[in-house]
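These notes are about the structure you will find just below.
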Amino acid sequence: MEVETSVAGSIKRKLAAFAIGMHLFFIASVASHLHNWMAKQPGLRIVAGLEDYYSAITFTNRNFGFFAPDVTADWNVQLTMVDRAGNTRPYLFDLPNREMKVRVYSMTGHFAESDTMNDLFARSWALKAINENPDVVEVRVEVTQNYIPSMREYRQGRRIEPKFLYRTTFNLH
Amino acid sequence: MISRVYARFRNWFEQPASPVPLAWFRIAVTFFCLIRLVVLRHNLLDLYGQYGFVQWSITRANLYEGLPHLGNVVLMMERLGLTADQSVYIVLAVYAVALLALLVGFASRWSAALVWFINFLLIHAAGGLVYGMDIFTHIALFYCLIMPVGDALSLDVRFGWRKNQPSVAAGVTRRVLQLHMCIVYFSSGLEKAAGIQWWNGEAIWRSVMLPSFAQFNLQWLAYVPWLPAMICWSVLALETGYAFFVWVPRTRLLWLMMMVSMHLGIGLFLGMWLFAWIMVIMNLGAFGYEAVNDWAAWRSRRSRRSSKAVAATA
């Protein structure tokens with residue numbers, strides 16, 4: 001009985017050691033960009049795939065370079081709703097506190113990742129506006145990105161200015 | 001030689017430790033999650049609902065095959081005649097109750113598992129709107145799941161379901177968290193160092209100028225460019241140095257205090273208070289116990305020295 005217990009204990013310890021080793025390896029692999037290299041190697045793609053799965057479940061092995069290597073400029077989303085009579089009014093996101101503003105910054109960051117994301121997110125915002133305003137038949141989406149002048153440019157008189165990034169229209173007709 | 005180093009490493013890594021620091025970590029993380037729910041109370045459906053800012057059809061498509069989505073749970077609840085919005089509110093209510101159970105340490109393992117699973121559903125349902133705070137909260141809950149967080153300051157101990165005693169599990173899992181934090185900061189520091197903005201001060205300038213984040217009028221920084229540059233270099237030194245100086249008893253408390261100050265600074269100047277607090281909790285959860293011991297040791301050394309000085313004068 002004692003032998004069985006010690007064998008079970010030994011197996012348990014080895015499994016725990018393996019799990020901890022894998023956990024730390026996955027974290028270090030993504031943080032060091034080894035993951036990106038492995039994803040390109042046919043023989044190691046499966047390991048990179050495992051890391052992706054582990055990341056999707058635990059979020060422990062992510063790239064932790066926030067605001068790195070550069071600080072990206074933020075975006076402005078403008079939604080304009082058009083009703084059946086052709087009247088227009090803006091649709092504003094309900095952002096009652098700083099926390100939601102930070103989240104919208106994050107959302108527009110995801111929006112700006114690719115053309116596909118542009119369309120998917122714009123469609124999502126337009127649908128939200130239509131759902132909440134049944135009289136609306138059309139939503140115009142416009143996104144601008146703020147140009148942040150460098151310190152030198154600022155001293156020379158340049159100020160923050162929005163630059164056009166994306167525009168689309170969704171209608172129910 | 002190698003076997004001696006390995007034995008020393010194992011001895012360091014597998015040293016039994018008190019579960020009390022883990023219990024404080026559990027309490028801090030669950031309290032934080034409850035506060036987060038309160039802060040987000042007006043926008044719960046905007047974040048997690050089927051037709052929120054980012055619809056489930058998009059967040060579901062971005063999730064790996066085989067992983068559950070909040071939409072799957074809601075589909076099951078629809079059979080009970082509940083709408084999608086009602087189901088989301090019920091899931092959030094269960095989340096809050098499980099958080100309360102974990103806070104007081106009632107059935108800690110099960111409540112930690114439930115909290116972590118629902119947090120997983122929520123973080124993916126709000127996929128387009130998550131940022132660093134959500135990521136670290138999920139990581140913290142993952143550690144609450146694997147750590148024996150209910151072995152102290154809990155109802156589990158009071159009911160005799162768990163024993164409040166030092167364990168290898170308590171020591172090992174906190175070591176893992178410590179190593180994790182070191183990797184996080186070291187890689188974050190290196191990633192920042194790869195960008196020119198973190199060397200010429202533009203990163204700090206841009207951060208405080210972004211209309212989404214600006215809390216104060218700091219335009220005068222443009223006329224003292226050395227100041228943002230110094231702050232940038234300090235951030236680089238703090239983050240990359242963390243992995244080394246936090247292990248040295250003489251520098252640990254100082255480094256931890258500087259790191260906590262940096263995160264509180266992010267809260268103050270960028271308005272990211274929830275992010276700031278979860279990072280403070282992660283830092284104190286990882287190294288707070290050692291830092292308190294360092295502080296106590298420093299104080300006793302100091303009092304011994306001053307009593308010796310008094311004796312010498314007498």
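Sparse packing is recorded around OH of B:Tyr6, with 12 or fewer heavy atoms of other residues, nucleotides or ligands lying under 6.0 Å away. Within a 6.0 Å radius of CH2 in B:Trp12, other residues, nucleotides and ligands contribute more than 12 heavy atoms. B:Tyr51 OH: 12 or fewer foreign heavy atoms inside a 6.0 Å radius. Within 6.0 Å of atom CZ in A:Arg123, 12 or fewer heavy atoms from other residues, nucleotides or ligands are found, so the atom counts as exposed in its surroundings. For B:Trp277, the CH2 atom sits in a loose shell: 12 or fewer heavy atoms of surrounding residues, nucleotides or ligands are nearer than 6.0 Å. The environment of A:Arg159 atom CZ is dense: over 12 non-hydrogen atoms of other residues, nucleotides or ligands sit within 6.0 angstrom. In this structure, A:Ile46 places its CD1 atom where only 12 or fewer heavy-atom neighbours from other residues, nucleotides or ligands lie under 6.0 Å away.
Interface remark: B:Ile123 contributes side-chain atoms only to the contact with chain A (heavy atom separation under 4.5 Å). Neither the backbone nor the side chain of B:Tyr185 comes within less than 4.5 Å of any heavy atom in chain A. Both the backbone and the side chain of A:Asp74 come within contact range of chain B, judged by heavy atoms closer than 4.5 Å. Using a 4.5 Å cut-off between heavy atoms, B:Ile58 contacts chain A through its side chain alone, with no backbone atom that close. With a 4.5 Å cut-off on non-hydrogen atoms, A:Asn131 touches chain B through its side chain but not through its backbone. With a threshold of 4.5 angstrom between heavy atoms, B:Trp273 does not approach chain A through any atom at all. Interface remark: B:Leu221 contributes backbone atoms only to the contact with chain A (heavy atom separation under 4.5 Å). Residue contact with chain B, scored on non-hydrogen atoms closer than 4.5 Å, involves the side chain of A:Ile160 exclusively. Of the two parts of A:Leu120, the backbone and the side chain both hold a non-hydrogen atom closer than 4.5 Å to a non-hydrogen atom of chain B. For a residue to count as touching a neighbouring chain, one of its non-hydrogen atoms must lie under 4.5 Å from one of that chain's; by this rule B:Tyr223 touches chain A with backbone and side chain alike. Residue B:Val168: no heavy atom, backbone or side chain, is found under 4.5 Å from chain A. Residue contact with chain B, scored on non-hydrogen atoms closer than 4.5 Å, involves the backbone and the side chain of A:Arg155 alike. For A:Ser32, no part sits under 4.5 Å from any heavy atom of chain B, backbone or side chain. Proximity to chain B is limited to the side chain of A:Asn146, based on heavy atoms less than 4.5 angstrom apart. With a 4.5 angstrom heavy-atom cutoff, A:Asn61 does not touch chain B via any of its atoms.
One distance of note links CG of A:Asp94 with CG of B:Asn43; it measures 5.0 Å at 0.5 Å rounding. With rounding to the nearest 0.5 Å, the separation of CD1 in A:Ile27 from OG in B:Ser187 is 10.0 Å. Rounded to the nearest 0.5 Å, atoms CG (B:Leu67) and CD1 (A:Ile57) are 5.0 Å apart. If you take CG on B:Asn200 and CZ on A:Arg152, they are separated by 11.0 Å, rounding to the nearest 0.5 Å. For the atom pair CD1 of B:Ile183 and CZ of A:Phe26, the computed distance is 13.0 Å after rounding to the nearest 0.5 Å. With rounding to the nearest 0.5 Å, the separation of NE2 in A:His110 from CG in B:Asn62 is 9.0 Å.
Side-chain contact between A:Val102 and B:Ser212 is absent, with no heavy-atom pair separated by less than 4.5 Å. Looking at B:Glu14 and A:Arg13, their side chains never come closer than 4.5 Å, going by heavy atoms from C-beta outward. Side chains of A:Pro69 and B:Gln197 form no contact here, defined as non-hydrogen atoms less than 4.5 Å apart. Using a 4.5 Å heavy-atom cutoff, the side chains of A:Ser106 and B:Leu129 are not in contact. Contact check for A:Lys101 versus B:Met272: no side-chain heavy atoms found under the 4.5 Å cut-off. In this structure, A:Phe64 and B:Phe186 have side chains that are not in contact, with every pair of non-hydrogen atoms separated by 4.5 Å or more. Contact annotation: the side chain of A:Arg103 approaches that of B:Asp134 to within less than 4.5 Å [non-hydrogen atoms, C-beta and beyond]. Side-chain contact between A:Thr58 and B:Ile139 is absent, with no heavy-atom pair separated by less than 4.5 Å.
For the options A:Ala68, A:Ala19, A:Pro96, A:Ser150, heavy-atom pairs under 4.5 Å to chain B are most numerous at A:Ser150. Heavy-atom pairs under 4.5 Å with chain A were tallied for B:Gly132, B:Pro225, B:Ala194; the largest tally goes to B:Pro225. With chain A as partner, the option from B:Leu63, B:Thr173, B:Ile196, B:Val130 having the largest number of non-hydrogen pairs under 4.5 angstrom is B:Val130. When each of B:Glu239, B:Arg36, B:Gln219, B:His42 is checked for heavy-atom pairs under 4.5 Å with chain A, B:Gln219 comes out on top.
Residues A:Ala56 and B:Tyr64 come closest through the heavy atom pair CB-CD1, 3.6 Å. Here the shortest heavy-atom pairing between B:Ile135 and A:Arg62 reads CG2-CG, 4.2 Å. Between A:Lys128 and B:Asp46 the shortest heavy-atom distance is NZ-OD1, 2.6 Å. Closest approach of B:Phe53 and A:Leu95 over heavy atoms only: CZ-CD2, 4.3 Å.
The ring-ring contact (aromatic ring centres under 6.0 Å, His included) search around A:Phe67 returns B:Phe213, not counting sequence neighbours.
With B:Trp205 contributing its side chain and A:Pro149 its backbone, the two residues share a donor-acceptor pair below 3.5 Å. In this structure a side-chain-to-backbone donor-acceptor pair under 3.5 Å is present from B:His180 to A:Thr60. Side-chain N or O atoms of A:Glu99 include none that pairs as donor or acceptor with a backbone N or O of B:Leu274 at under 3.5 Å. Looking at A:Ser124, its side chain does come within 3.5 Å of a backbone N or O of B:Gln55 through a donor-acceptor pair.
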Given side-chain contact (heavy atoms from CB on, under 4.5 Å), test A:Met100 with B:Leu40 step by step and report yes or no.
CA-CA 8 Å; A:Met100 282 307 295; B:Leu40 296 174; 3.9 Å; yes
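For A:His23 and B:Phe142, the ring centers sit closer than 6.0 Å to each other.
A:Phe59 and B:His124 have tilted rings, their planes meeting at an angle from 30° to 60° on a 0 to 90° scale.
A donor-acceptor pair shorter than 3.5 Å cannot be found between the side chains of B:Glu65 and A:Tyr53.
Using a cut-off of 4.0 Å between Lys/Arg side-chain N and Asp/Glu carboxylate O, A:Asp70 and B:Arg206 are scored as not salt-bridged.
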